[in-house]
**Q** 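There's a structure below that I have some questions on.
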Amino acid sequence: ELKVEQNPLFLSMQEGKNYTIYCNYSTTSDRLYWYRQDPGKSLESLFVLLSNGAVKQEGRLMASLDTKARLSTLHITAAVHDLSATYFCAVVSLQNSGGSNYKLTFGKGTLLTVNP
Amino acid sequence: KAGVTQTPRYLIKTRGQQVTLSCSPISGHRSVSWYQQTPGQGLQFLFEYFSETQRNKGNFPGRFSGRQFSNSRSEMNVSTLELGDSALYLCASSLDSWAEAFFGQGTRLTVV
């Protein structure tokens with residue numbers, strides 16, 4: 001069964017600093033998503049990474065995917081308070097060989113707090 | 001275009017009761033997945049429906065069931081509610097199970 005591990009699970013950082021969240025997964029996949037969740041809210045799609053070496057950037061966030069290492073990173077540049085939220089990675093895996101039946105498996109999430 | 005709509009937003013039920021949650025996906029999306037989110041277990045996959053058929057099922061007891069209608073709307077049912085069923089239930093819609101999933105606002109279920 002696919003395992004998705006995020007680290008750190010908790011991240012407290014100061015405004016203006018840089019940091020990286022890591023997402024490791026246990027089986028082959030070339031499709032990974034990053035989501036953001038604010039307290040009491042639903043999940044908002046941030047990035048869709050579809051192939052090895054994919055890099056996407058939006059504002060202060062940049063996501064990348066290395067399918068050979070089974071690793072995705074979410075890099076935060078010059079953090080601001082508005083980025084405080086929980087960030088999830090989700091990996092797409094094939095459920096049965098020869099089929100077209102896929103499933104999303106989520107990491108446990110990284111709770112990011114950006115302090116002034 | 002309209003997003004994913006879940007109803008109701010909040011529910012309080014008593015142990016032993018049953019509950020039905022509803023999800024209307026984005027127009028054109030045929031895949032609907034359900035997730036349970038709790039502080040301790042995180043986001044756990046319940047099941048996925050595509051064109052009225054359940055294609056995937058997570059590791060939940062048979063008390064959790066669902067269905068999908070011809071218009072892709074989906075319902076999830078939990079019978080014989082237990083205190084541990086208290087959670088945020090999220091519905092996600094997508095073109096297919098491999099595609100980007102868009103989430104509804106969720107239904108907050110509290111079992112007392």
Side-chain angles (χ1 to χ4, degrees), chain A residues 1-10 23 25 27-51 54 56 58 63 65 67 85-111, chain B residues 1-10 21 23-26 29-51 53-60 87-110:
Chain A
E1 183 179 317
L2 172 63
K3 303 287 185 195
V4 180
E5 291 187 358
Q6 280 183 244
N7 70 82
L9 296 182
F10 301 94
C23 174
Y25 53 97
T27 63
T28 302
S29 175
D30 61 0
R31 187 176 287 256
L32 185 145
Y33 305 113
W34 282 95
Y35 289 89
R36 167 181 171 146
Q37 186 178 36
D38 291 297
K41 305 284 188 180
S42 188
L43 276 74
E44 172 193 354
S45 179
L46 289 175
F47 297 109
V48 176
L49 302 170
L50 300 179
S51 61
K56 296 281 185 73
E58 180 73 33
L65 177 61
T67 58
T86 300
Y87 293 85
F88 292 92
C89 63
V91 180
V92 178
S93 60
L94 184 61
Q95 290 305 287
N96 47 356
S97 59
S100 60
N101 193 0
Y102 295 84
K103 177 182 152 185
L104 266 186
T105 302
F106 283 82
K108 287 195 175 296
T110 297
L111 176 58
Chain B
K1 58 183 175 182
V4 181
T5 303
Q6 288 188 249
T7 57
R9 292 291 309 280
Y10 303 93
L21 312 182
C23 173
S24 292
I26 292 170
H29 285 190
R30 295 161 65 190
S31 173
V32 174
S33 297
W34 289 88
Y35 296 84
Q36 181 196 66
Q37 187 177 30
T38 59
Q41 298 299 317
L43 270 162
Q44 293 188 285
F45 173 77
L46 281 155
F47 27 66
E48 185 235 351
Y49 285 86
F50 185 89
S51 293
T53 301
Q54 186 183 87
R55 287 198 305 192
N56 264 315
K57 192 175 189 312
N59 297 322
F60 278 81
L88 179 66
Y89 290 88
L90 290 165
C91 162
S93 95
S94 57
L95 288 170
D96 206 327
S97 54
W98 45 260
E100 184 182 8
F102 297 87
F103 284 81
Q105 291 300 305
T107 295
R108 172 76 61 186
L109 172 65
T110 302

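Quick caveat: nothing in here was measured; it's all calculated off a predicted structure. Protein chains get the first letters and strands the later ones, always in sequence-line order, with residue 1 at the start of each.
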**Q** A:Gly109, A:Gly40, A:Ser45: which one forms the most heavy-atom pairs within less than 4.5 Å of chain B?
**A**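 Top option by heavy-atom pairs under 4.5 Å: A:Ser45.
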**Q** How long is the straight-line distance from OH of A:Tyr102 back to CG of B:Asp96, given to the nearest 0.5 Å?
**A**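 Reported value, rounded in 0.5 Å steps: 9.0 Å.
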**Q** On a heavy-atom basis, which atom in B:Leu88 and which in A:Lys41 lie closest, and how many Å separate them?
**A**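 Smallest heavy-atom distance, with atoms named: CD2-O, 4.4 Å.
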**Q** What part of B:Ala92 gets within 4.5 angstrom of chain A, counting heavy atoms only: side chain, backbone, both, or neither?
**A**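 No part of it gets close to chain A.
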**Q** Show the nearest heavy-atom pair for residues B:Trp98 and A:Tyr33, with the distance to one decimal.
**A**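 Of all heavy-atom pairs spanning B:Trp98 and A:Tyr33, the closest is O-OH, 2.6 Å.
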**Q** As an exercise: rank B:Gln37, B:Glu100, B:Gln6, B:Gln105 by heavy-atom pairs under 4.5 Å with chain A and give me the winner.
**A**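 Most pairs with chain A among the choices: B:Glu100.
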**Q** Does atom CD of A:Glu5 have more than 12 heavy-atom neighbours, drawn from other residues, nucleotides or ligands, at distances under 6.0 Å?
**A**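 Result for CD/A:Glu5: open.
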**Q** What residues of residues 42-50 of chain B make heavy-atom contacts with chain A at a cutoff under 4.5 angstrom?
**A**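 Under the 4.5 Å heavy-atom cut-off, B:Leu43, B:Phe45, B:Glu48 qualify.
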**Q** Quick check: does any side chain N or O of B:Tyr35 sit under 3.5 Å from a backbone N or O of A:Phe106, one acting as donor and the other as acceptor?
**A**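 Such a contact is absent between B:Tyr35 side chain and A:Phe106 backbone.
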**Q** Working to the nearest 0.5 angstrom, can you tell me the gap between A:Gln37 CD and B:Phe103 CZ?
**A**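 Result: 9.0 Å between the selected atoms.
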**Q** Let me confirm one number: the CG-OG distance from A:Leu104 to B:Ser94, rounded to the nearest 0.5 Å.
**A**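 Here the rounded value is 7.5 Å.
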